Each structure stands twice: as structure tokens, then as C-alpha cells.
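Keep in mind that this is a model prediction, so the values were computed, not measured. Position 1 is the first residue of the sequence, and the numbers go up from there.
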Amino acid sequence: MGVGSSQSLPNSTFPCALAATFFPHQSQPIFSFNPSTIIFQRPCKRAMTERSLLWSSSSSFVPLNSGKVDQVETQMGSAVRPMYDFHGIDEALLQRMVYDALVWSSLHGLVVGDRTVKRAGTVPGVGMVHAPFALLPMPFPESHWQQACELTPIFNELVDRVSLDWKFLQEALSRTRKVDSFTSRLLDIHSKMQEMNKKEEIRLGLHRSDYMLDEQTKLLLQIELNTISSSFPGLSCLVTELHRSLLNHYGKHLGLDSKRILGNSAVTQFAEALAKAWKEYNNPRALVMFVVQTEERNMYDQHWLSTALKERHDVTTIRKTLAEIDAEGKLLPDGTLTVGGQPVAVIYFRAGYAPTDYPSESEWRARLLMEQSSAVKCPSISYHLAGTKKIQQELAKPNVLERFLENKDDIAKLRKCFAGLWSLDDSNIIKEAIQRPEVFVMKPQREGGGNNIYGDDVRETLLRLQKEGTEEDAAYILMQRIFPNVSPTFLMREGICYKDHAISELGIYGAYLRNKEKVIINDQCGHLMRTKVSSSNEGGVAAGFAVLDSIYLT
């Protein structure tokens with residue numbers, strides 16, 4: 001759980017986490033776009049040796065007129081049959097689609113901060129570039145889409161139930177806190193709220209559950225459940241509209257129907273949930289506060305949400321870093337939080353999920369101050385802890401779900417989507433992972449991408465932990481590696497079109513709002529599809545490995 005990580009084919013994993021920059025791992029273009037032509041280039045020697053996880057030199061880049069390919073063999077296995085003639089697309093047609101897609105992105109705000117521009121993460125409108133996206137939508141079975149939607153309200157309810165069980169959270173994370181200082185600090189705040197008998201009467205969760213479709217079993221398996229800073233509700237909706245626009249113009253040439261692209265209302269539904277939480281707080285003068293990082297190149301995704309709140313619900317938002325909250329925040333005797341003299345009704349975290357967000361005690365003071373207040377926290381410290389990877393692993397144990405849920409059908413639905421999850425105190429699974437590391441992923445209690453361990457590194461890390469005999473193993477869990485289908489696709493970043501084989505991960509957004517015993521919202525709220533090259537171990541969009549995509553129902 002948490003903000004990101006997943007699995008794919010051997011040597012190919014797909015975390016969905018947020019980080020501070022976009023595409024930090026640069027490689028030279030294989031072919032680049034200009035208004036008159038698409039030029040195919042051989043990568044230079046520097047590009048061939050440069051450390052680049054997204055666009056590796058082993059990727060398949062061939063001229064577009066290479067003829068029809070019904071099935072493509074890759075080093076990872078066989079790809080699925082393309083839903084259009086991937087290699088046979090006319091070069092002139094592709095050029096027009098690329099140009100139109102870039103124009104559409106610029107006109108409609110499908111943008112992020114340009115990592116090469118110093119002020120792009122702090123000053124809106126400075127150094128913008130189109131968000132990385134797939135040129136065409138990714139096929140996905142309608143039956144599995146429906147399954148993911150049905151799971152959403154069950155997971156929403158589960159998070160709420162788990163968050164109320166103080167003893168379960170503390171005990172499940174007790175070993176982890178000994179070796180993980182970040183988790184320990186979060187648990188300290190959680191304990192202080194318990195000592196204060198602090199009750200979160202209004203509880204708001206904006207979640208995203210991430211899945212992959214396993215090729216061999218045809219099962220939809222959960223990667224993780226994000227309970228803090230579930231990113232891209234704004235930009236994901238725009239990619240859906242981009243793909244609809246392209247297929248309205250070019251669909252007949254590709255044999256694709258724009259009506260098969262799944263609608264996406266994530267940003268409006270998230271805004272509605274925040275607005276309803278604001279209304280439940282019942283202070284018309286109060287604001288919704290976005291907690292943000294000091295440099296946020298994904299600010300436009302967040303601004304789409306702020307705009308929807310203002311235009312649709314007349315709710316005002318402010319953006320503050322943790323350090324600013326520490327400097328400007330005050331707790332009034334009645335529990336009201338004010339920041340810069342303004343009362344805060346709802347706190348929406350788009351930061352605070354990683355140790356790097358807490359470079360000093362100032363940030364920790366701000367987190368504690370917010371938890372002590374009467375403002376609605378999205379998420380509260382309990383919701384945050386309920387989304388950790390260790391809690392995900394604990395919930396997968398036999399008879400644990402029954403502690404929180406009564407409906408047997410709901411429990412069965414959840415268990416069906418659970419991938420294999422184990423703690424490192426299981427000697428049998430450790431032995432298996434050392435012998436077959438390629439079918440496991442080691443996950444630390446970290447969010448933000450780039451933290452997981454794969455392949456031979458799994459074996460080496462486990463052997464080291466055994467030799468050292470410390471409790472460091474409590475900082476990790478083991479997870480079954482998922483092997484999804486590979487599909488040919490075109491990936492766009494920084495105005496350049498890349499042709500490769502890719503895998504995708506589906507994220508389903510969910511909103512949960514409760515005031516005491518009354519459940520006000522428990523809904524599925526749109527989706528996020530992310531696509532990355534199949535040869536990459538990493539895959540976060542904001543971390544620089546994946547692109548935004550949409551769903552073409554099959």
C-alpha cells in the first residue's frame with residue numbers, strides 16, 4: 001500500500017509513486033518530432049551507455065513502414081495481439097497524430113513542470129511541458145474493469161475500519177518501528193492522538209487501489225492501496241479526452257472506436273468529496289488547505305482540483321508546505337487550525353508521505369499540529385498508517401479481514417485480488433525467495449518510487465540480512481511478482497514519440513466520507529491508467545519512468 005510500487009514481467013516492475021521531478025533518467029531520442037517530419041536516429045554512444053531505466057537501448061525501435069505484425073516476441077515473453085496494426089501505421093498519419101496530440105495537450109492543460117527549468121516547480125506558468133502520455137489508449141477487459149470498480153467501496157470501508165483499530169496498527173507495525181525511523185515518527189503521532197483520546201468524527205479518504213492483470217492466471221491482482229497523495233486525478237481525465245479527440249479524427253484509419261474509451265470523472269468526484277467534507281465541517285469562512293512539496297512539478301494536476309472546488313462548489317483553497325504550516329499555523333482553544341490567520345476546514349495532503357518531506361523538526365511539528373486540530377484530515381494519521389505496505393501484508397493473512405468486515409462475499413472478493421504477501425520472519429518463504437528471486441519483490445515501508453528490490457538483488461539482500469542477524473528485515477515485506485501482458489504502443493515525452501512494447505497498471509480512485517455513524521460518500525471515482533516500457537524495473541509517472549494513459553474497453 002501507500003504511494004507506489006508494483007510488479008511486471010521479469011526485470012520489469014512498475015511503481016506508481018510521486019516524486020519531485022519528471023523523467024530524471026534521460027536518454028537520447030530514437031526518433032524525434034518536428035512540424036514536417038519524423039526522423040529516425042541511431043542513439044549516440046553516450047545514450048547507449050547512459051543510465052536510463054525508461055528508454056533503454058534494448059527497446060525495439062524500427063521504421064514505421066516495417067509491415068504488419070500480428071504478434072510481437074520480446075525478451076520478456078510474447079505480447080498480446082495488437083488492437084491495431086502497430087507497425088503498419090502510415091508514417092504521415094503518425095506524424096499528424098503526434099502533432100495534434102501536442103497541440104491538444106498545450107491548449108487543454110495536460111502539462112507538468114519542465115525539470116530543466118529552475119523555477120518550473122515553484123512558479124505557475126513558468127517552464128511548462130506536456131505531461132508524458134501514451135499516444136493511443138490501452139486495451140483492458142471490461143469484465144476486469146467492473147471487478148475493480150466493485151472492489152473500491154469494500155476497500156474504502158476496510159481502510160476506515162482498520163484506521164479505528166489503534167491496537168492493530170500499533171502491534172502490526174511494532175517491529176517495523178524499531179528499524180524504520182520514519183514509520184516510528186508516524187506511530188509516535190498516532191500514539192499521542194490516542195493518549196489525547198482524539199476522535200476523528202469526520203473522516204475523509206481519497207484513495208487509489210492499483211492493479212495488474214496477471215497474464216498466466218488471468219486474475220486482477222492488487223499491487224497496493226494508496227491512502228495518501230493519490231496523484232493524477234486531474235491529468236488522468238485530460239488524457240482520456242485527448243485520446244477521444246484523436247480517435248474522433250483518426251479512429252477510422254486505425255479501426256478504433258472513440259466510444260470504447262472509458263469516461264473518467266476523477267477530478268470532479270474528488271472535488272465533490274472535498275467540498276462535502278468542507279460542508280460537514282460547517283464553517284463557511286474556513287478553507288481547504290493543500291499540503292504541498294516545496295518544489296512541485298506536478299502542481300497542475302493539483303490546480304485542476306483547486307479549480308473544480310472553486311468553480312463548482314465555491315470553496316477556496318490555499319497551498320502550504322509543511323514548513324509554512326509550522327511557521328504560520330496556530331491551534332485555537334476550540335481545536336480550530338488557522339494558517340496565516342485563516343481557519344482551515346479540510347487538510348488535503350499531496351506531501352508528507354516520504355522521509356524527504358521532513359528535512360527538519362519543523363515539518364514534524366506541522367504534522368503533529370494538524371493532527372491535533374479539528375480540521376478534516378485527508379488522510380488522518382490513522383488512514384496514513386492503514387495504507388502502509390506492512391498493513392497490506394498483515395491484512396492478507398488468514399482470518400485477519402474477518403476482524404474488520406462481516407460480509408463474507410466482500411471478504412471473498414478482496415481475497416481473490418490479493419497477490420502473495422509475506423513478512424520476512426517466514427523462513428520457508430525466505431528460502432524460496434533466495435532460490436527463485438525473480439518471482440518476488442522486496443518492498444520497504446517507503447513511498448515515492450525507486451525503493452523496491454528485484455531479481456538477484458532480492459537474493460543478495462536476504463542473504464545479507466540473514467548473515468547480519470539484525471531486525472532490519474522488519475523494514476521489508478515480500479510480494480509475489482505479477483506478470484502482465486505486453487502490448488505495443490507509442491509513448492510521448494518532451495515532444496518525442498517512442499515506439500516500444502509496454503505494460504500497464506490500472507488505478508481505481510475511491511472516495512469515502514463519514515461523519516460519526518453516517519456514511520456520506522463511498523464511491524468509485526474514476527481511474528488512472530499508467531503505461532511503461534516492459535524492459536524497465538521502475539514505472540512511476542512523476543518519478544520519470546511511465547506515461548499517463550487511458551482505457552479502451554475490450
Exercise. Run the ring-centre check on Phe140 versus Trp145 and record whether the distance is less than 6.0 Å.
Key: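 Between Phe140 and Trp145, the centre distance exceeds or equals 6.0 Å.
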
Using a 3.5 Å distance criterion without hydrogens, assess whether the side chain of [X] forms a donor-acceptor pair with backbone atoms of [Y].
X: Gln194; Y: Trp166; result: no
X: Thr152; Y: Gly510; result: no
X: Arg161; Y: Phe404; result: yes

Quiz item: Can you name the residues that form a side-chain hydrogen bond (donor to acceptor under 3.5 Å, both in side chains) with Ser423, not counting sequence neighbours?
Solution: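 For Ser423 the side-chain hydrogen bond (donor to acceptor under 3.5 Å, both in side chains) partners, ignoring immediate neighbours, are Asp425.
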
Quiz item: Is it true that Glu157 and Arg514 make a salt bridge, defined as a side-chain N closer than 4.0 Å to a carboxylate O?
Solution: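 A salt bridge is present here (some side-chain N lies under 4.0 Å from a carboxylate O).
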
Output all residues satisfying side-chain contact (heavy atoms from CB on, under 4.5 Å) with [X], sequence neighbours left out; order by chain, then residue number.
X: Ser163; value: Asp160, Ser382, Tyr383
X: Val315; value: Ala275, Trp278, Val288, Leu309, His313
X: Lys178; value: Glu471

Exercise. State which residues pass ring-ring contact (aromatic ring centres under 6.0 Å, His included) with Tyr512; sequence neighbours excluded, sorted by chain then number.
Key: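 Applying ring-ring contact (aromatic ring centres under 6.0 Å, His included) to Tyr512 gives none.
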
Quiz item: Mind checking what makes ring-ring contact (aromatic ring centres under 6.0 Å, His included) contact with Tyr476, not counting sequence neighbours?
Solution: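 With neighbours one apart ignored, the set is empty.
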
Quiz item: Please, which pairs that meet salt bridge (Lys or Arg N to Asp or Glu O under 4.0 Å) have at least one residue in residues 407-424, sequence neighbours excluded?
Solution: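 Residue pairs with at least one partner in residues 407-424: Glu402-Arg415.
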
Self-check item: Residue pairs involving residues 354-363 (criterion salt bridge (Lys or Arg N to Asp or Glu O under 4.0 Å); sequence neighbours excluded)
Solution: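 Output for this query lists Arg185-Glu361.
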
Could I get the full list of salt bridge (charged side-chain N to carboxylate O under 4.0 Å, His left out) partners for [X], not counting sequence neighbours?
X: Glu142; value: Arg260
X: Glu328; value: Lys320
X: Glu324; value: none
X: Asp326; value: Arg365

